[in-house]
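In this chain, numbering begins with 1 at the start of the sequence shown. Everything numeric in this text was worked out from a predicted model, so none of it was measured. Computed from heavy atoms alone, side chains included, the values below leave out hydrogens, waters and symmetry copies.
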Amino acid sequence: MPDSAPQPPADDPLVERFIRYLKAERNASPLTQEAYRRALGQFRAWMDKQFESWPACTAVHFRSWLYAAMEQELKSSTIRLRFAALRSFYNYLVRYGDIPTNPLAEVALPKARHGLPVHLNLKQMEELLAMPFRIPADKKSPEWLPYRDAAILELFYSCGMRLSELVSLNANSLQESDSCLRVVGKGRKVRLVPVGDYAREAIKRYRELAGISGVAPLFISRLGRRMTGRSIQLMLDKYLRASDIPFHISPHKLRHTFATHLLDAGADLRSVQELLGHASLSTTQIYTHVTKTRMKEVYRTAHPRSTPRRRDNA
């Protein structure tokens, strides 16, 4: 089941109808739409000549696909994502009367393995934030380019935003009156996120140099177009190569860093949930492991019977 498996054919009416439903009624992001379309295409390509129609597929077919994925030793998270697309698709078919029941209801998936989120420590984060002004700038680059990159990094660390959220920001997303950023998250839900002084100053300087104002995209390329998620990752990779950080970092890992540092400093879980835009507190709880060291130290120093005390010999 390679990722290069073909998409469902353009004349597949059920799939196209489902994608329109995701966009119009579920407010699904373009990334979600693409991921679901790809998963459906992968299953149909795997079925090959056995595929008759979507309603004709049975639990036996889906179990066979599951076993094939497990034999390839795909990550359980990858398998669950693909089956999430199929379940959603078949729930849609049931809802609109195309089939009587969802055949995926009979298919048990492997349990998800929740790895601990990778994050930068404070020293590493400070090193990364300084990188745009530490490496020589390309002579052909506009003067504002390193200031843009610095503003992006500061904003990731200040607000813990998703990459898609940062890319979609406009110049007027930052409300100067109350130092908050208007962020459009998953499902087009809007939340206000406080912006720290360092990030606000970095954005202000960049906007002044680049002439960004009004409803224009906040972060632009050298050609003046809205930056893409890919271009931001490439920018991040450039600074990582020049740094002493010993592992790869994505924008999402900067989000992990934001949450980790807040919790380490004593922030409560509910507040971090709101800042991250998580719908469920259980999603935020994956970060609580990072507070264990701090909690143990607090307990050791604060509880009167946490460690044996030496007695006076008098």
Side-chain angles (χ1 to χ4, degrees), residues 1-70 72 74-110 112 162-170 183-190 217 225-233 251-252 277 279:
M1 271 181 297
D3 288 335
S4 59
Q7 301 275 333
D11 61 348
D12 191 323
L14 289 182
V15 171
E16 294 307 313
R17 207 176 79 196
F18 173 61
I19 298 299
R20 289 196 297 270
Y21 160 79
L22 288 177
K23 180 179 180 181
E25 297 190 37
R26 296 287 298 276
N27 290 328
S29 70
L31 289 176
T32 298
Q33 296 173 44
E34 178 62 24
Y36 278 28
R37 184 192 295 275
R38 186 186 307 115
L40 295 171
Q42 287 165 338
F43 173 74
R44 180 161 177 173
W46 177 79
M47 286 282 289
D48 196 19
K49 295 180 181 179
Q50 295 182 62
F51 185 86
E52 298 177 9
S53 68
W54 292 105
C57 295
T58 67
V60 173
H61 295 130
F62 296 118
R63 286 197 192 97
S64 297
W65 197 48
L66 173 60
Y67 296 150
M70 294 175 71
Q72 292 181 17
L74 293 180
K75 293 180 180 179
S76 60
S77 58
T78 300
I79 296 173
R80 294 180 72 85
L81 176 62
R82 294 178 179 181
F83 273 83
L86 284 166
R87 288 185 192 278
S88 183
F89 176 56
Y90 276 92
N91 282 336
Y92 165 81
L93 296 182
V94 171
R95 178 179 179 181
Y96 287 93
D98 295 281
I99 56 175
T101 59
N102 187 341
L104 274 300
E106 303 176 36
V107 181
L109 299 181
R162 300 177 178 94
L163 176 60
S164 60
E165 295 171 345
L166 185 136
V167 166
S168 66
L169 291 175
N170 293 325
V183 177
V184 181
K186 287 187 175 181
R188 298 181 188 173
K189 293 181 180 178
V190 178
R225 303 191 185 103
R226 185 185 296 275
M227 290 189 75
T228 64
R230 175 64 177 163
S231 61
I232 290 177
Q233 180 64 67
H252 201 72

I need the [X] [atom1] to [Y] [atom2] distance, nearest 0.5 Å.
X: E25; Y: R20; atom1: CD; atom2: CZ; answer: 11.5 Å
X: R26; Y: R188; atom1: CZ; atom2: CZ; answer: 13.0 Å
X: E34; Y: I19; atom1: CD; atom2: CD1; answer: 8.5 Å
X: I99; Y: L93; atom1: CD1; atom2: CG; answer: 5.0 Å
X: R44; Y: D12; atom1: CZ; atom2: CG; answer: 5.0 Å
X: N27; Y: K189; atom1: CG; atom2: NZ; answer: 10.0 Å

For [X] and [Y], which heavy atoms make the closest approach, and how far apart are they?
X: V190; Y: V184; answer: CG2-CG2, 4.2 Å
X: S168; Y: E165; answer: OG-O, 3.0 Å
X: L86; Y: W65; answer: CD1-CZ3, 3.4 Å
X: A108; Y: L66; answer: O-CD2, 3.3 Å
X: R162; Y: G185; answer: NH1-CA, 4.3 Å
X: P55; Y: L14; answer: CD-CD1, 4.1 Å

For [X], enumerate each residue passing the side chain to side chain donor-acceptor pair (under 3.5 Å) test, keeping only those at least two apart in sequence or located in another chain.
X: T101; value: none
X: R226; value: N170
X: S29; value: T32
X: S231; value: T228

Is S64 reaching over with its side chain to a backbone N or O of V60, donor-acceptor style, under 3.5 angstrom?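 Pair found, side chain donor or acceptor close to backbone of V60.
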
Using side chain to side chain contact (heavy atoms under 4.5 Å, CB included), reason through L104 and F89 one step at a time and then give a plain yes or no. CA-CA 10 Å; L104 274 300; F89 176 56; over 6 Å; no

Heavy atoms, side chains only, cut-off 4.5 Å: are P217 and M227 in contact?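 Heavy-atom side-chain distance check fails, nothing below 4.5 Å.
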
Please identify each residue that fulfils ring pair (Phe, Tyr, Trp, His ring centres under 6.0 Å) with F62, with sequence neighbours left out.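 Listed in chain order: F43, Y90.
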
For the ring pair (Phe, Tyr, Trp, His ring centres under 6.0 Å) test, which of Y36, W54, F18 pairs with Y92?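 Only match with Y92 under ring pair (Phe, Tyr, Trp, His ring centres under 6.0 Å): F18.
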
Salt bridge (Lys or Arg N to Asp or Glu O under 4.0 Å) contacts in which one or both residues fall within residues 85-103, not counting sequence neighbours: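 Output for this query lists R17-D98.
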
